[in-house]
Amino acid sequence: MIDFSRPVVELALDLLGATVHHGVTSGRVVETEAYHDSEAACHAHVGLTPRTHVLFGPPGRAYVYRSYGVHALLNAVAEPEGVGAAVLIRALEPLEGIGAMQARRRRDRLEDLCSGPGKLTQALGIELSENDTELASGPIRIAPREGRDPPPHIAGRRVGITKAVELHWRFCERGSRFVSKPWPPGVARPR
DNA sequence: GTATGGATCTTCT
DNA sequence: GAAGATCCATACA
């Protein structure tokens, strides 16, 4: 089992290589970002609101919210209840249900299916109604990776934020073709 | 190949 | 009324 109550940066590393299942589709996590209420980029930084109460709730639940009015983004709530923290799942390597993903995404290339936080929710069919569901028993499930240690990875700046950009809380599996872009400055793109 | 702007909605000012 | 943890089509080099 994954211990979602761990410190959020540790959990972000723990989720690299884990598998996300939803319906007939699944994918291997190759990119994550950590968010914590102590830093300004986190939604929970503003405190407890109707939007952020899931982040402050018990660990191991899904926080799904709408981004830019268009996309659903999937997070795993971390740290003990009362702390607002979550790991954003930013990219997956498609494993099962690839035909369904291709149909939902209207794209054929595997690299175009889950290489971004809005893309993977579309590919897996994850919706806002699944906000605040249990990751152990709900529609979205996350299975731990094989092996104890995280795969080789690169830490860098988080993407698409303007606050707390100095924190290197983004983790990419080294060498994966399925991570999102752009790459953070100063990090060579693997191929 | 890079650059730009539109879509569209929840939250907070 | 503005901003935002994004993606994609289009324009141009």
Side-chain angles (χ1 to χ4, degrees), chain A residues 4 7-9 11-13 15-16 20 27 29-57 59 61-79 83-92 94 101-132 135 140 142 153-173 177-185 187-189 191:
Chain A
F4 289 98
V8 68
V9 173
L11 181 63
L13 276 170
L15 292 181
L16 282 182
V20 178
V29 178
V30 296
E31 180 174 344
T32 59
E33 285 179 0
Y35 287 88
H36 188 279
D37 61 34
S38 63
E39 45 91 12
C42 183
H43 291 171
H45 188 63
V46 298
L48 192 58
T49 68
R51 182 195 202 186
T52 64
H53 82 274
V54 180
L55 289 168
F56 287 95
R61 289 188 181 169
Y63 170 50
V64 184
Y65 78 98
R66 188 175 297 288
S67 171
Y68 291 92
V70 192
H71 302 102
L73 267 57
L74 171 64
N75 301 251
V77 176
E79 311 236 1
V83 180
V87 175
L88 171 68
I89 310 296
R90 282 197 57 89
L92 302 175
M101 294 189 195
Q102 288 169 327
R104 290 184 183 128
R105 291 274 306 133
R106 298 170 196 245
R107 292 284 187 288
D108 286 336
R109 291 175 66 242
L110 296 185
E111 294 91 335
D112 292 335
L113 297 181
C114 299
S115 55
K119 297 180 187 178
L120 88 253
T121 53
Q122 185 187 11
L124 299 211
I126 292 170
E127 298 180 355
L128 297 176
S129 60
E130 288 160 301
N131 187 33
D132 205 17
L135 292 171
I140 309 165
I142 303 185
H153 57 272
I154 297 167
R157 291 184 170 189
R158 295 176 292 181
V159 175
I161 57 170
T162 57
K163 300 165 188 167
V165 295
E166 70 281 2
L167 295 176
H168 287 194
W169 281 6
R170 177 183 186 222
F171 305 100
C172 298
E173 182 170 304
R177 346 176 333 241
F178 299 102
V179 299
S180 71
K181 20 183 185 188
W183 277 75
V187 177
R189 174 146 200 184
R191 44 167 295 122

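Quick note on labels: first sequence line is chain A, next is B, and so on, each numbered from 1.
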Among dC7(C), dT6(C), dA5(C), the one nearest Tyr63(A) by side-chain distance: dA5(C)
Can you tell me how far P of dG4(C) sits from CZ of Arg158(A), to the nearest Å? 14 Å
May I have the distance from Asn75(A) (atom CG) to dG4(C) (atom P), rounded to whole angstrom? 17 Å
Calculate the interatomic distance between Ile89(A) atom CD1 and dA5(C) atom P; express it in whole Å. 17 Å
Is there any protein nitrogen or oxygen under 3.5 Å from a nitrogen or oxygen in nucleotides 6-10 of chain B, and what are the pairs?
unit_1: dT8(B); atom_1: O3'; unit_2: Gly69(A); atom_2: O; d: 3.4
unit_1: dT8(B); atom_1: O2; unit_2: Tyr68(A); atom_2: O; d: 2.7

Rounding to the closest angstrom, what is the interatomic distance between dG5(B) and dA3(C) at atom P? 15 Å
Tell me the interatomic distance from Arg107(A), atom CZ, to dA9(C), atom C1', rounded to whole angstroms. 10 Å
Residue set satisfying side-chain hydrogen bond (donor to acceptor under 3.5 Å, both in side chains) with Ser67(A), at least two apart, ordered chain then number -> none
Donor + acceptor pair across side chains of Arg104(A), Gln122(A) (<3.5 Å): no
When you get a sec, tell me which of dC8(C), dT11(B), dA5(C) is the closest nucleotide to the side chain of Thr49(A)? dT11(B)
side-chain hydrogen bond (donor to acceptor under 3.5 Å, both in side chains) partners for Glu127(A), two or more places apart: none
How is the base pairing of DNA chain C summarised as a dot-bracket string, given the Watson-Crick and G-U wobble criteria with both distances under 3.5 Å, [ ] for crossing and | for another strand? ||||.|||||||.
Taking NE2 from His45(A) and P from dA3(C), how many angstroms apart are they, rounded to a whole number? 18 Å
Set of side-chain hydrogen bond (donor to acceptor under 3.5 Å, both in side chains) partners for Gln102(A), sequence neighbours left out: none
How many Å lie between CG on Leu120(A) and C1' on dA5(C), as a whole number? 13 Å
If I take atom CD in residue Glu111(A) and atom P in nucleotide dC7(C), what distance separates them, rounded to the nearest angstrom? 16 Å
What pairs with Val70(A) under side-chain contact (heavy atoms from CB on, under 4.5 Å), at least two apart in sequence or on another chain? none
What residue among Arg157(A), Arg158(A), Arg90(A) forms salt bridge (charged side-chain N to carboxylate O under 4.0 Å, His left out) with Glu33(A)? Arg90(A)
Using the test side-chain hydrogen bond (donor to acceptor under 3.5 Å, both in side chains), find all partners of Asp112(A) that sit at least two apart in sequence or belong to another chain. Arg109(A)
For Tyr35(A) and Arg105(A), find the nucleotide of DNA chain C closest to each by heavy atoms; which residue's nucleotide sits nearer the 5' end? Tyr35(A)
Have a look at Arg106(A) and say if it touches a base, only the backbone sugar-phosphate, or nothing, with a 4.0 Å heavy-atom cut-off. nothing
How long is the line joining OH of Tyr65(A) and P of dC12(B), in whole Å? 14 Å
I want to check one thing: is the phosphate of dA5(C), taken as OP1 and OP2, less than 4.0 Å away from some side-chain N or O of Lys163(A)? no
Using only side-chain N and O atoms of His43(A), determine if any of them is under 4.0 Å from OP1 or OP2 of dA5(C). yes
Can you list the residues that meet the side-chain contact (heavy atoms from CB on, under 4.5 Å) rule with Ala91(A), with sequence neighbours excluded? Val30(A), Glu31(A)
CD of Glu39(A) to CD1 of Ile161(A), rounded to nearest 0.5 Å, is 7.0 Å
With Ala72(A) via side-chain contact (heavy atoms from CB on, under 4.5 Å) - residues at least two apart: Val64(A), Thr121(A), Leu128(A)
